[in-house]
Amino acid sequence: MTDQEIIAQWQAQDAPLLPVLHAIHDRDGYLSDDAIRAVSKGLGIPLAELFGTVTFYHHFARSKPGHSAPRVCTGNVCSLNGGLEILEALKSEGATPMPCSGRCDDMVPVLRGDQVLVGHTADTLQHRPTPIPAPNSGGLEECVFRHIRAPQRNTLAGFRATSGYAGLEKAVTSSPADLVALITDSKLAGRGGAGFPTGLKWKAVAEASGVPKSIVCNADEGEPGCFKDRAIMDFDPHALLEGMLLAAYATGAPRGFIYLRYEYPETARSLQTAIDEAAAAGFLGENILGVSGFHFHLRIIRGAGAYICGEEGSLLNSMEGKHPFPRNRPPFPVTHGFEDLPTVVNNVETLASASHIARKGAEWYRGLGLGEHVGTKVISLSGDIQRPGNYEVPFGFSLQTLLHDWAGGPPPGRNIQAVTMAGLSGGFLAGDDLDVTLDEPCIRSKGSFLGAGGIMVFDDSRDMVQVAHDAMAFFAHESCGKCFPCRIGTQRLTERLNGLGPKKFPAWQEEVNDIGSVMKATSACGLGMAAPLVTESLLRYFPDAIELHLSPPQ
Amino acid sequence: MHQVADNTRTCTMTLGGGSVNFREGETIYEVAERHRKEVPTLCYDPRLEAFGACRLCVVEVEGIRNPVASCTTKATEGMVVRTRTPVLDKHRTTLLELVASENRNTKVDSLSGYASQEFGNLLDRYPVRAGRFAGKKSGTSNTDDKNPFILRDYENCISCYRCVRVCAEQEGDHAINVMNRGFHTQIITEFNNDLRDSSCTFCGQCVATCPTGALGDKKALRAKDTPGEIKKTRSVCPYCGVGCSVDILTKGDRVVGIHPAMDGPANEGALCVKGQYAFDFVHHPDRLTKPLIKQPDGTFREAEWDEALQKAADGFLKVREKYGNHATYGIASGRAPHEAAYTMQKFIRATYGTNYIDNCSRA
Ligand SMILES: Cc1cc2nc3c(=O)[nH]c(=O)nc-3n(C[C@H](O)[C@H](O)[C@H](O)COP(=O)(O)O)c2cc1C
Ligand code: SF4
Ligand code: SF4
Ligand code: SF4
Ligand code: FES
Ligand code: FES
């Protein structure tokens with residue numbers, strides 16, 4: 001197809017820019033100046049602005065080999081498991097590094113064209129499906145993973161056979177307000193990191209004025225060490241669709257989008273298959289389930305490699321074809337979301353949970369948590385652990401039990417030195433603080449947070465200053481560059497973990513603390529607020545390692 | 001520009017200990033500014049949509065854990081705001097130290113541009129420790145951009161994007177934007193070319209709003225080493241009928257540069273390339289200072305005004321005699337004031353009885 005045909009295909013649709021750029025990028029392997037000119041003209045985006053936006057995304061190449069060149073994960077755990085060596089070995093093919101690409105349970109991912117290969121060395125790379133979550137080790141009742149291992153669950157028939165879409169069928173027999181009340185009553189909260197009560201969000205959108213409204217599923221899953229949304233989408237895609245349909249019914253939104261991270265190309269295809277199946281069976285489209293006026297159309301929008309596009313304001317700007325800086329808040333997406341209209345932005349796990357809650361009820365969901373805690377959380381566990389993978393645990397579950405009993409503990413002969421929380425955004429927990437339970441109040445009391453539930457494990461052979469450096473380098477690489485504290489702070493902290501800056505510990509500590517506190521207090525979004533938890537926790541647990549790093553023994 | 005309609009509701013809030021009134025829709029910064037509370041800013045330009053990049057304007061709001069950016073946060077009824085506390089001062093100082101650490105140069109000549117001293121002045125106002133947070137510098141200068149007007153010295157750039165926003169929001173040219181992200185952001189034109197290969201109209205708005213002198217006025221900077229104080233004289237741009245207000249910069253008896261007047265009623269800080277940069281004629285050796293009369297051999301000779309005017313009048317009369325009233329067509333110069341344009345049409349209409357009049361700036 002020519003540039004003009006591609007543009008014509010998308011021009012009249014919502015959120016045309018990313019699909020157009022991807023179509024051209026897939027066709028040519030890169031985005032030529034001429035193509036950028038054509039898109040600028042076709043979509044009416046000023047050329048300089050479009051050029052700037054193209055350069056924002058990690059995976060848009062502007063020269064060959066681009067799309068076909070291998071992109072090798074050098075994320076925090078892959079770099080310790082062959083990532084750097086693979087990158088070196090594939091240099092002659094034009095290989096470039098990429099940040100954690102959500103396959104930490106089955107390393108090392110290498111993206112070639114639209115295929116993910118995995119392996120620990122360059123010559124053992126092979127294509128294989130992503131790992132399916134292991135059966136619950138404690139035999140505990142699950143929500144999100146309840147049916148995920150059922151045969152053919154990722155097909156419409158398999159989904160229907162395990163009571164799929166029953167929640168939706170039940171919900172539409174009663175009013176949208178009843179559904180909002182049910183979700184509110186279940187106390188389900190956002191699983192994308194911020195933990196905002198889902199019922200309140202749906203209610204706000206339902207009550208907001210302005211049409212058409214939108215349901216946006218945040219499937220950007222850019223947080224290092226998180227790969228739970230991938231598992232849900234690969235093995236239980238209809239649960240996500242059902243969750244979105246519930247949100248649509250509750251709020252009256254006719255448009256749905258799944259903003260999917262670029263590094264999941266196979267997921268993009270299988271998810272599209274699920275959408276097609278659902279549409280063919282009448283679960284998407286007009287007057288769904290015979291309910292007059294219940295319309296919902298759903299599309300996948302592929303990201304292009306930017307962690308910040310998981311932040312909801314940035315995600316919405318990205319969808320709208322704007323420069324993906326986060327938005328100033330308030331206003332929030334519930335009133336000013338996609339195209340400044342009321343929009344639900346929910347994480348994959350949140351929406352998949354809603355599908356089970358709609359069927360089994362609020363009380364059931366609340367009862368899944370331990371003690372006073374409500375519900376469950378999927379934890380993505382990776383790094384120096386015998387059985388990495390996705391584990392669904394009740395909130396309030398013991399971290400030590402998860403690490404040692406469920407996941408087999410560290411490699412033989414090793415001890416766990418530290419774990420990350422919230423992927424990387426929560427910094428480290430170590431020492432006695434490993435005795436936490438997995439719930440926000442407990443983990444926040446240690447100065448961290450559970451967030452999206454990624455936990456990377458580092459055993460006692462690892463250099464924690466190096467690990468912290470790699471973590472901070474990630475945040476520096478992903479900082480959008482909008483606000484001063486984060487744009488400069490992530491760079492300065494990375495340098496300070498890399499031998500630059502003051503050589504004496506007290507001066508080093510003063511600088512690092514000052515940068516950290518201004519980032520936490522004044523950054524414009526969660527990235528800059530969370531990044532300094534890495535250095536803060538490093539200082540808390542590993543001051544000796546820092547001293548050693550500053551003045552290595554001669 | 002952010003403007004609150006006059007008829008919105010009046011509300012009350014507490015600002016720095018005192019109770020103040022504001023109109024619904026105003027930002028905390030606008031209220032603070034009106035009540036003369038010192039709130040530092042770097043990414044703010046009152047003509048532009050608030051952006052929220054520098055975070056220097058953060059203030060404490062009771063009931064909210066983190067300080068909020070006052071430029072992007074609306075004031076609300078009953079809000080309790082503190083604009084200066086030891087914690088805020090510390091954050092602002094650290095932020096300034098961080099910004100200073102990325103720049104090659106924090107003191108630039110004030111001829112660089114209207115707002116070029118903003119950053120340097122803030123560094124003087126806070127107890128900033130020089131040399132803190134040493135590390136890599138940001139920005140790649142493009143000083144050999146082949147244009148005669150705008151210096152692009154991005155090693156002094158602090159990524160406030162005021163230039164990008166003024167170009168889009170005020171000028172509507174969208175000539176420049178931001179490339180890359182994080183510490184590697186860089187102000188560029190499309191494909192990172194020279195300004196003259198972009199849609200830039202050289203209006204100079206970006207130079208005027210740049211708070212660091214990263215964008216510099218090349219023409220004014222020619223006089224950097226000319227001795228003498230800079231004097232500003234308010235005037236009106238002589239070029240066209242819009243009547244943009246300008247401040248003419250002089251050193252001694254020489255015009256060295258032009259600043260747009262931010263409070264100019266017609267332009268609110270905007271100028272075009274002519275008003276901004278085309279002032280070299282003032283001191284140009286070729287500038288006519290006496291009337292010239294063309295001689296039969298085609299060369300010119302200097303004359304006095306009386307002789308020149310008589311010569312012109314004779315010419316007009318001859319044309320009317322020979323070709324009639326409608327053979328004359330009067331075009332007023334776009335650079336002439338209203339009064340002169342009026343006089344011109346009066347002259348043509350009254351003496352010739354023809355309506356053949358026009359103005360050069362109608363194109
Ligand atoms: C830097 C940053 C990255 C984020 N990345 C994601 C992400 O990849 N997926 C996600 O669901 N939420 C992410 N979030 C949180 C979203 O902004 C938003 O809170 C969430 O999608 C709301 O959905 P939920 O309420 O269902 O959790 C991110 C936030 C920040 C600050
Ligand atoms: S905190 Fe970082 S990522 Fe967030 S807006 Fe600021 S610069 Fe961008
Ligand atoms: S001179 Fe004017 S048109 Fe050119 S980049 Fe600056 S603001 Fe834009
Ligand atoms: S060039 Fe000046 S106005 Fe533009 S971003 Fe840099 S410092 Fe700001
Ligand atoms: S997939 Fe490589 S670090 Fe996560
Ligand atoms: S002036 Fe408010 S963030 Fe810069």
Side-chain angles (χ1 to χ4, degrees), chain A residues 33 36-37 40 45-58 62 306 308 323-331 475-496 498 500-502 510-511 514-515 517-524 528-529, chain B residues 42-43 50-56 58 65-69 71-74 87-88 90-99 101-102 132-136 138 158-161 164 167-168 173-193 198-200:
Chain A
D33 291 1
I36 293 175
R37 277 199 184 86
S40 157
I45 303 171
L47 192 49
E49 187 182 319
L50 178 60
F51 174 77
T53 300
V54 164
T55 65
F56 190 93
Y57 294 104
H58 184 79
R62 293 210 306 114
I308 194 61
H323 203 82
F325 285 141
R327 295 175 173 181
N328 296 317
R329 319 142 51 98
F475 290 119
H477 183 257
E478 300 300 328
S479 164
C480 77
K482 171 177 172 172
C483 77
F484 290 19
C486 168
R487 178 175 60 80
I488 312 171
T490 50
Q491 168 75 20
R492 291 292 177 260
L493 290 178
T494 308
E495 291 168 344
R496 268 134 199 82
N498 196 23
L500 289 166
E510 201 209 345
E511 280 204 3
D514 279 1
I515 298 173
S517 81
V518 84
M519 286 175 72
K520 280 172 85 168
T522 71
S523 288
M529 290 176 184
Chain B
L42 270 177
C43 68
F51 186 62
C54 72
R55 317 307 284 179
L56 280 170
V58 289
R65 190 168 49 95
N66 269 339
V68 305
C71 68
T72 57
T73 310
K74 294 249 190 317
V87 174
L88 289 175
K90 172 95 195 289
H91 286 325
R92 288 168 181 164
T93 306
T94 308
L95 281 170
L96 287 168
E97 287 168 337
L98 279 170
V99 190
S101 77
E102 68 166 332
R132 266 198 117 196
F133 308 129
K136 203 171 154 196
S138 69
I158 58 173
S159 300
C160 67
Y161 313 137
V164 172
C167 187
D173 277 338
H174 303 270
I176 47 177
N177 217 281
V178 190
M179 180 168 82
N180 303 332
R181 56 190 193 204
F183 200 67
H184 303 283
T185 49
Q186 169 80 33
I187 306 300
I188 41 87
T189 65
E190 63 226 36
F191 309 116
N192 203 1
N193 288 329
S198 75
S199 54
C200 172

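Just so it is clear, the model here is predicted, and its values are computed rather than measured. Numbers restart at 1 for each chain; the letters A, B, ... are given by sequence-line order, proteins then strands.
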message: In the structure I gave you, are the side-chain heavy atoms of M179(B) and H184(B) within less than 4.5 Å of one another anywhere?
response: no
message: With a 4.5 angstrom heavy-atom cut-off, is it the side chain or the backbone of N328(A) that approaches chain B, or both, or neither?
response: side chain
query: Where on K136(B) is there a heavy atom nearer than 4.5 Å to chain A: the side chain, the backbone, both, or neither?
result: both
field: Which portion of S101(B) sits near chain A, non-hydrogen atoms under 4.5 angstrom
entry: both
task: Select one option (side chain, backbone, both, neither) describing which atoms of C43(B) are under 4.5 Å from chain A's heavy atoms.
output: neither
- request: Looking only at non-hydrogen atoms, find the nearest pair between P485(A) and T522(A) and report the distance.
  value: CG-OG1, 3.4 Å
- request: State, yes or no, whether a side-chain contact exists between E190(B) and N177(B) at a heavy-atom distance under 4.5 Å.
  value: no
message: So E102(B) and I158(B), do their side chains get closer than 4.5 Å, heavy atoms only?
response: yes
- prompt: Where on I488(A) is there a heavy atom nearer than 4.5 Å to chain B: the side chain, the backbone, both, or neither?
  reply: both
Chain A contact via L56(B) - side chain, backbone, both or neither, heavy atoms under 4.5 Å: neither
query: At a heavy-atom separation under 4.5 Å, does Q491(A) approach chain B through its side chain, its backbone, both, or neither?
result: side chain
message: Taking every non-hydrogen pair under 4.5 Å, which of V99(B), I176(B), D173(B), T189(B) racks up the most with chain A?
response: V99(B)
statement: Okay, R329(A) and chain B: the region with an atom under 4.5 Å from a heavy atom over there is neither
- prompt: Most heavy-atom pairs under 4.5 angstrom with chain A, which of C54(B), C160(B), S138(B)?
  reply: C54(B)
query: Mind checking whether R62(A) and I36(A) have side chains closer than 4.5 Å, heavy atoms only?
result: yes
message: Between the side chains of R492(A) and E97(B), is the shortest nitrogen-to-carboxylate-oxygen separation below 4.0 Å, so that they form an ion pair?
response: no
field: Heavy-atom pair count under 4.5 Å with chain B, highest-scoring of A48(A), S40(A), G481(A)
entry: A48(A)
task: Heavy atoms only: give me the nearest P67(B)-A521(A) pair and the separation to one decimal.
output: CD-O, 3.4 Å
- prompt: Quick check, are the ring centers of F56(A) and F51(A) under 6.0 angstrom apart?
  reply: no
- prompt: With side chains defined as the heavy atoms from C-beta onward, is the minimum distance between C486(A) and M529(A) less than 4.5 Å?
  reply: no
query: Given the options P330(A), G489(A), S523(A), which has more heavy-atom pairs under 4.5 Å with chain B than any of the others?
result: S523(A)
Side chain / backbone / both / neither for A175(B) at chain A, heavy atoms under 4.5 Å: backbone
query: Who wins among V87(B), N192(B), V178(B) for the most heavy-atom pairs under 4.5 Å with chain A?
result: V178(B)
message: Using 30° and 60° as the class boundaries, would you call the ring planes of F325(A) and Y161(B) parallel, tilted or perpendicular?
response: parallel
Contact origin within R496(A) toward chain B - heavy atom pairs under 4.5 Å: side chain
statement: Okay, E495(A) and chain B: the region with an atom under 4.5 Å from a heavy atom over there is side chain
